[in-house]
Amino acid sequence: MPPIQSPKGTRDILPADMAAWDEIYATHARVAEAHGYRAIQTPIFEATEMFERGIGAGTDIVDKEMYSFETSGGDRLTLRPEATPATLRAVLGAHLDQERRPVRVHYAGPMFRHDRPQRGRYRQLHQIGVEAIGERSPVIDAEVIEIGWRFYEALGIDGIDLQINSLGDLDDRRRYRQMLVDFYTPHLAGLCDDCRRRIEINPLRLLDCNQDAHLAAIAPPASNALSPASSEYFESVLGCLRDAGITCTINRHLVRGLDYYAHTAFEFWHTSLHGAQNALGGGGRYDGLAEVLGFPATPGVGYALGVDRALIVLQDAGAGPAAATDADVVVCSLGAESVGYAAALARQLRAAGHRVILDAAERRLDRKLRNADRLGARVCVIVGDNELAARTAMVRDLGQRDQQSVAVDAVNNTVTAILGCGGEGDK
RNA sequence: GUGGCCAUAGCUCAGCUGGUUAGAGUGCCAGGUUGUGGCCCUGGAGGUCGAGGGUUCAAAUCCCUCUGGCCACCCCA
């Protein structure tokens with residue numbers, strides 16, 4: 001019988017990798033909170049209907065990528081494929097928008113999509129994001145984009161390519177949809193199978209089809225359908241970004257496929273991610289979403305960034321935090337008699353705030369010292385029969401390679417002094 | 001969901017057109033030192049060659065199925 005493995009498209013984050021993950025989450029939280037965004041958490045699963053309405057039939061996510069199930073009580077539930085609908089539901093459901101506008105929140109957590117797995121593409125994927133709910137203003141659009149930009153900057157990721165586009169308000173979008181249908185219909189016979197389906201379901205998606213790219217290149221740009229007010233809105237967003245020193249590429253093929261998206265759409269691309277996975281993250285304004293979910297019309301804008309992909313970029317660049325050590329102090333007993341004494345010393349050191357491993361194994365001291373090195377400890381406290389009898393301990397500075405015998409009561413201070421001076425010795 | 005490449009020790013990989021008990025480096029454990037480390041020397045453990053089936057006197061090697069990873073699509077993070 002083969003051993004159980006993690007389900008396809010999922011993976012374990014092992015202790016050695018956790019530092020990099022923690023850094024990404026902590027950096028994002030710090031940058032978002034520097035802009036006044038507060039953390040929020042929503043359930044991992046939600047009513048299936050929320051995603052059907054909030055993401056929309058006709059999208060790949062809803063049509064074929066959701067982990068949906070029915071409870072014994074008959075509820076239709078789905079593991080969340082993204083966080084925006086639930087975040088909006090939570091904020092509006094709790095009436096937070098009645099207290100202040102916009103409501104600024106950030107989140108982090110796993111999402112689930114039944115895709116075919118690849119590098120940087122998982123069935124359990126991890127996203128971090130922000131949402132600003134309750135205000136329609138180009139300043140807010142730019143603020144959200146800037147947070148994402150500063151996040152990558154703070155992580156030390158260079159080469160971010162910000163792609164941006166505007167599809168105008170809901171009326172503009174309807175107009176643009178029709179323009180595209182009119183443009184593509186004469187070419188219907190020459191379109192690929194997918195596009196013949198798209199023209200019915202989601203004409204905006206025609207633009208980013210690779211096979212029919214020659215048509216997309218000459219299709220009318222979205223700017224043709226923008227009302228003067230929408231154009232002005234987009235120009236304002238671009239102006240804010242320019243003032244912030246953020247460079248972007250205007251990409252008129254960039255679309256968010258859902259009907260309630262409006263105005264600004266953007267993605268963060270990176271040159272080191274090739275092919276299908278070139279997007280590190282994306283977002284946009286979703287002024288129609290609240291109504292679709294049954295709430296009063298409420299504008300909103302946000303983004304979602306892929307943690308898994310940010311990690312790939314960091315690793316490919318050879319960046320990332322130094323490997324974490326297991327402990328600062330290892331307490332070694334010598335012989336069975338001193339185990340209890342060593343354990344008490346370890347306890348005493350932990351109470352003083354140190355990270356301490358007790359090595360009570362029956363083996364030679366040189367092996368224990370070697371082990372202490374590998375654990376990344378800087379101090380080793382050695383106790384055997386002599387120390388037990390004299391109520392002392394041998395405190396060894398692993399960096400300096402020297403040691404002193406001190407009384408039990410002085411152990412904490414001695415260890416603290418060695419760790420505190422920050423001396424790494426010749427390690 | 002479609003098509004392709006791949007899977008040998010904990011890790012990185014050898015293993016020629018099928019041919020005895022499947023190897024190396026590294027890591028792990030132990031000894032070299034009655035209680036002093038990062039090096040070195042010696043020894044040891046560890047593999048039903050991803051799983052299952054088939055062809056053959058004989059399969060890590062050839063064929064089929066499954067599982068998983070990767071790549072290109074599709075789409076997205």
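When reading the values below, keep in mind they use all heavy atoms of this one structure, side chains included, and skip hydrogens, waters and symmetry mates. A, B, ... follow the sequence lines: proteins, then strands. Residue 1 opens every chain.
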NA contact type, A:N371, heavy-atom cut-off 4.0 Å: base, sugar-phosphate, or nothing?
-> nothing
Given the options A:H106, A:H35, A:H28, A:F151 meets ring-ring contact (aromatic ring centres under 6.0 Å, His included) only with A:H28
Taken to the nearest whole Å, CG/A:D115 to C1'/B:A77 is 10 Å
Would you classify A:R370 as touching base, sugar-phosphate or nothing, given that sugar-phosphate means primed atoms plus P, OP1 and OP2, and contacts are heavy atoms under 4.0 Å?
-> sugar-phosphate
Check if the side chain of A:R119 and the base of B:G69 share a donor-acceptor pair of N or O atoms closer than 3.5 Å.
-> no
By nearest-nucleotide position on RNA chain B, the 5'-leaning member of A:Q5 and A:V383 is A:V383
Rounded distance in Å - OH (A:Y303) to C1' (B:C76) = 18 Å
With a 3.5 Å cut-off and just heavy-atom distances, do the side chain of A:N386 and the base of B:G35 make a donor-acceptor pair?
-> yes
For atom CG of A:D397 and atom P of B:G38, their distance in whole Å = 16 Å
The answer to which of A:Y122 and A:R367 contacts RNA chain B further toward the 5' end, by nearest nucleotide, is A:R367
So does A:R309 reach the base of B:C76 with its side chain, donor to acceptor, closer than 3.5 Å?
-> yes
Nucleotide of B:U36, B:G69, B:C74 approaching A:P117 most closely (side-chain heavy atoms) = B:G69
Rounded to whole Å, CG of A:D402 lies from P of B:G38 at a distance of 17 Å
Are A:T264 and A:V301 side-chain neighbours, meaning at least one heavy-atom pair lies under 4.5 Å?
-> no
Considering only atom P, compute the distance from B:A60 to B:U20 and round it to an integer number of Å.
-> 10 Å
Could you tell me whether A:D366 and A:R364 have a side-chain N and a carboxylate O separated by less than 4.0 Å?
-> yes
B:C66 -> Watson-Crick or G-U wobble partner, both distances under 3.5 Å, gives B:G50
Figure out the CZ/P separation between A:R116 and B:C5, and round it to whole Å.
-> 13 Å
Donor-acceptor pair present, A:R401 side chain and B:U36 base, under 3.5 Å | no
How far does the C1' atom of B:U56 sit from the matching atom of B:G19, given to the nearest Å?
-> 12 Å
Salt bridge flag under 4.0 Å for residues A:D373 and A:R370 = no
Counting only Watson-Crick or G-U wobble pairs whose two distances fall under 3.5 Å, which nucleotide matches B:U2?
-> B:A72
Minimum side-chain heavy-atom gap A:R350-A:L358 below 4.5 Å = yes
Look at the side-chain N and O atoms of A:R364 and state whether any lies under 4.0 Å from the OP1 or OP2 oxygen of B:G32.
-> yes
Within less than 4.0 Å of OP1 or OP2 of B:G1, is there a side-chain N or O belonging to A:K64?
-> no
Using a 4.0 Å heavy-atom cut-off across all strands, classify A:G9 as base, sugar-phosphate, or nothing.
-> sugar-phosphate
Under a 4.0 Å N-O cut-off, is there an ion pair linking A:D287 with A:R136?
-> yes
Rounded interatomic separation in angstrom, taking CD from A:E267 and C1' from B:C76 = 8 Å
Describe the nucleic acid contact of A:Q403 in one word from base, sugar-phosphate, nothing, applying a heavy-atom distance below 4.0 Å.
-> base
A:I61 near the nucleic acid: base, sugar-phosphate alone, or nothing, with a heavy-atom cut-off under 4.0 Å?
-> nothing
Taking atom P of B:A77 as reference, at what distance in whole Å does atom CZ of A:R123 sit?
-> 17 Å
Scan every strand shown for a Watson-Crick or G-U wobble partner of B:U26, both distances under 3.5 Å, and answer none if you come up empty.
-> B:G10
Please work out if A:Q124 contacts a base, only the sugar-phosphate, or nothing of the nucleic acid, heavy-atom cut-off 4.0 Å.
-> nothing
Listed nucleotide nearest any side-chain atom of A:R363, set B:A30, B:A77, B:G69 = B:A30
B:C40: pairing nucleotide in any strand, Watson-Crick or G-U under 3.5 angstrom | B:G32
Among the nucleotides B:C29, B:U36, B:G35, whichever has the atom closest to the side chain of A:D366 is B:U36
Considering only B:A77, B:U36, B:C29, which nucleotide approaches the side chain of A:L369 most closely?
-> B:U36
Among A:V31, A:L305, A:T27, find the one that has a side chain to side chain contact (heavy atoms under 4.5 Å, CB included) with A:I128.
-> A:L305
Under-4.0 Å side-chain N/O to phosphate OP1/OP2 contact, A:Q118 with B:A72 = yes
Contact class for A:L334 (heavy atom, under 4.0 Å): base, sugar-phosphate, or nothing?
-> base
Describe the nucleic acid contact of A:D60 in one word from base, sugar-phosphate, nothing, applying a heavy-atom distance below 4.0 Å.
-> sugar-phosphate
Think A:R374 has a side-chain N or O under 4.0 angstrom from the OP1 or OP2 of B:C28?
-> yes
Check: B:G69 base within 3.5 Å donor-acceptor of A:R11 side chain = no
Who pairs with B:C57 - Watson-Crick or G-U, where each distance is under 3.5 Å | B:G19
State yes or no: are the ring centers of A:F234 and A:H263 separated by less than 6.0 Å?
-> no
Nearest to the side chain of A:I382, which nucleotide is it out of B:A77, B:G37, B:G35?
-> B:G35
Considering only B:C29, B:U36, B:G35, which nucleotide approaches the side chain of A:E387 most closely?
-> B:G35
Please give, in whole Å, the distance from B:A51 C1' to A:I4 CD1?
-> 13 Å
With a non-hydrogen cut-off below 4.0 angstrom, is A:M394 in contact with a base, only sugar-phosphate, or nothing?
-> base
Between A:G9 and A:P117, the two heavy atoms sitting closest are CA-CG, 3.7 Å
